[in-house]
Asks: 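The structure under discussion is supplied below as structure tokens; questions concerning it will follow.
These numbers come from a predicted model, not from an experiment. We count residues from 1, following the sequence as given.
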Amino acid sequence: MCYGRCAKSIGYTLLVLSVLCIVANVLLYFPNGESRYASHYPLGNYVGCLHGIIGGGLLVLISACVFIGLEHDHFHGCCPQENCRRSCAMLAIVILGCVGILGAGYCFIISALALARGPCCYCEDDRAWCYPFFDPAGGHVLQNPNCGEPRSTVTWNVTLFSILLVLSAVELILCIVQVVYGCLGGACASCHGHKEDCPC
């Protein structure tokens with residue numbers, strides 16, 4: 001089935017992207033590869049949102065697995081007619097595409113908010129954990145934050161959140177394409193199915 005092959009190719013792409021999102025989110029818990037910060041020090045408001053693990057990861061992963069399975073015609077039990085099986089497949093594409101959009105959208109929004117707020121680190125000037133790039137009164141502070149620890153936390157956080165932002169944006173686009181394709185394919189199957197008695 002043509003729609004199965006198309007969904008499968010997008011599904012494998014989403015599979016890779018979702019795994020990368022999970023890895024990037026896990027790395028946020030270990031600044032510079034050190035585990036002590038995950039259990040004893042604050043990591044920032046947005047690190048614990050699990051946006052890359054649940055949003056861009058698991059929800060998109062579920063969608064990807066269904067898209068990959070469509071090529072094998074798992075909808076044969078839904079209806080013996082080809083048009084009806086196509087309608088069932090298109091419905092699955094739309095529903096799982098929407099699930100992927102929710103997950104990728106959540107990951108994208110949280111990543112953008114985290115980049116806007118900046119990383120959390122120990123500011124040697126204030127001798128406290130704070131967000132040195134963010135001033136609640138005046139927005140961003142474009143000066144050297146003088147972060148004592150974690151080392152290179154600015155680079156670590158900005159890099160990983162930027163990766164999550166880009167990955168979730170690509171996931172979002174692919175899931176939207178799948179939903180549009182599913183709607184168009186379902187409409188075509190419905191038009192062709194008017195001539196047949198379709199019990200689906």
Side-chain angles (χ1 to χ4, degrees), residues 1-29 45-116 157 159-193 198-200:
M1 292 183 293
C2 178
Y3 60 88
R5 290 192 296 271
C6 294
K8 181 180 179 180
S9 61
I10 292 179
Y12 277 122
T13 304
L14 289 173
L15 180 67
V16 174
L17 293 174
S18 63
V19 171
L20 291 176
C21 281
I22 293 173
V23 172
N25 198 161
V26 170
L27 289 176
L28 282 171
Y29 285 92
N45 293 338
Y46 298 106
V47 174
C49 291
L50 302 177
H51 56 291
I53 296 175
I54 295 176
L58 295 179
L59 290 179
V60 175
L61 186 63
I62 293 171
S63 301
C65 291
V66 174
F67 294 156
I68 292 170
L70 286 176
E71 187 183 33
H72 304 294
D73 200 6
H74 291 316
F75 297 92
H76 182 75
C78 172
C79 183
Q81 284 88 9
E82 173 64 25
N83 288 332
C84 294
R85 290 200 302 272
R86 182 181 176 91
S87 296
C88 290
M90 291 300 122
L91 179 61
I93 286 176
V94 171
I95 293 175
L96 272 300
C98 290
V99 171
I101 289 173
L102 289 176
Y106 172 65
C107 184
F108 183 86
I109 291 171
I110 296 298
S111 299
L113 291 174
L115 286 172
N157 275 264
T159 300
L160 290 174
F161 276 117
S162 297
I163 289 172
L164 285 167
L165 188 73
V166 172
L167 291 176
S168 60
V170 176
E171 289 177 340
L172 197 57
I173 293 171
L174 291 176
C175 288
I176 290 173
V177 168
Q178 281 292 77
V179 169
V180 172
Y181 178 71
C183 291
L184 294 177
C188 291
S190 177
C191 291
H192 290 299
C198 181
C200 267

Asks: What are the two closest heavy atoms between Cys98 and Val179, and how far apart are they?
Replies: N-CG2, 3.7 Å

Asks: Rounded to the nearest 0.5 Å, how far apart are CD1 of Ile101 and CG of Leu96?
Replies: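 The distance works out to 11.0 Å.
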
Asks: So Leu115 and Tyr46, do their side chains get closer than 4.5 Å, heavy atoms only?
Replies: no

Asks: Give, for atom CG of Leu102 and atom CG of Leu172, the distance between the pair rounded to the nearest 0.5 Å.
Replies: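 Interatomic distance, Leu102 CG to Leu172 CG, rounded to 0.5 Å: 9.5 Å.
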
Asks: What is the minimum heavy-atom distance between Leu15 and Ala64, and which atoms define it?
Replies: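 Result for this residue pair: N-CB, 3.7 Å.
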
Asks: In residues 106-114, what donor-acceptor pairs under 3.5 Å come from side-chain atoms, sequence neighbours left out?
Replies:
from: Tyr106; atom 1: OH; to: Cys49; atom 2: O; distance (Å): 2.7
from: Ser111; atom 1: OG; to: Cys107; atom 2: O; distance (Å): 2.8

Asks: Taking the side chain as every heavy atom from C-beta outward, state whether Thr13 and Leu174 have any pair of such atoms under 4.5 Å apart.
Replies: yes

Asks: Taking all non-hydrogen atoms of both residues into account, name the closest pair between Cys21 and Leu167 and its distance.
Replies: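 Taking every non-hydrogen atom into account, SG-CB, 3.7 Å.
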
Asks: For Leu27, check side chain to side chain contact (heavy atoms under 4.5 Å, CB included) against everything at least two apart and list the hits.
Replies: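 Side chain to side chain contact (heavy atoms under 4.5 Å, CB included) check on Leu27 returns Val23, Trp156, Leu160.
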
Asks: Check His51 against Leu164 and note the closest heavy-atom contact, atom names and distance.
Replies: NE2-CD1, 3.3 Å

Asks: Identify the heavy atoms of Ser18 and Leu61 that sit nearest to each other, and give their distance.
Replies: OG-CD1, 3.4 Å

Asks: At what distance, to the nearest 0.5 angstrom, does CD1 of Ile93 lie from OG of Ser63?
Replies: 11.0 Å

Asks: How close do Cys175 and Gly97 get, counting heavy atoms only, and between which atoms?
Replies: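 Reported closest heavy-atom pair: CB-O, 3.6 Å.
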
Asks: Under the rule for side-chain hydrogen bond (donor to acceptor under 3.5 Å, both in side chains), what residues qualify as partners of Asn25, not counting sequence neighbours?
Replies: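 Once residues adjacent in sequence are excluded, Asn25 has no partner under the side-chain hydrogen bond (donor to acceptor under 3.5 Å, both in side chains) criterion.
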
Asks: Could you grab the distance from atom CD1 of Ile10 to atom CD of Gln178, nearest 0.5 Å is fine?
Replies: 3.5 Å

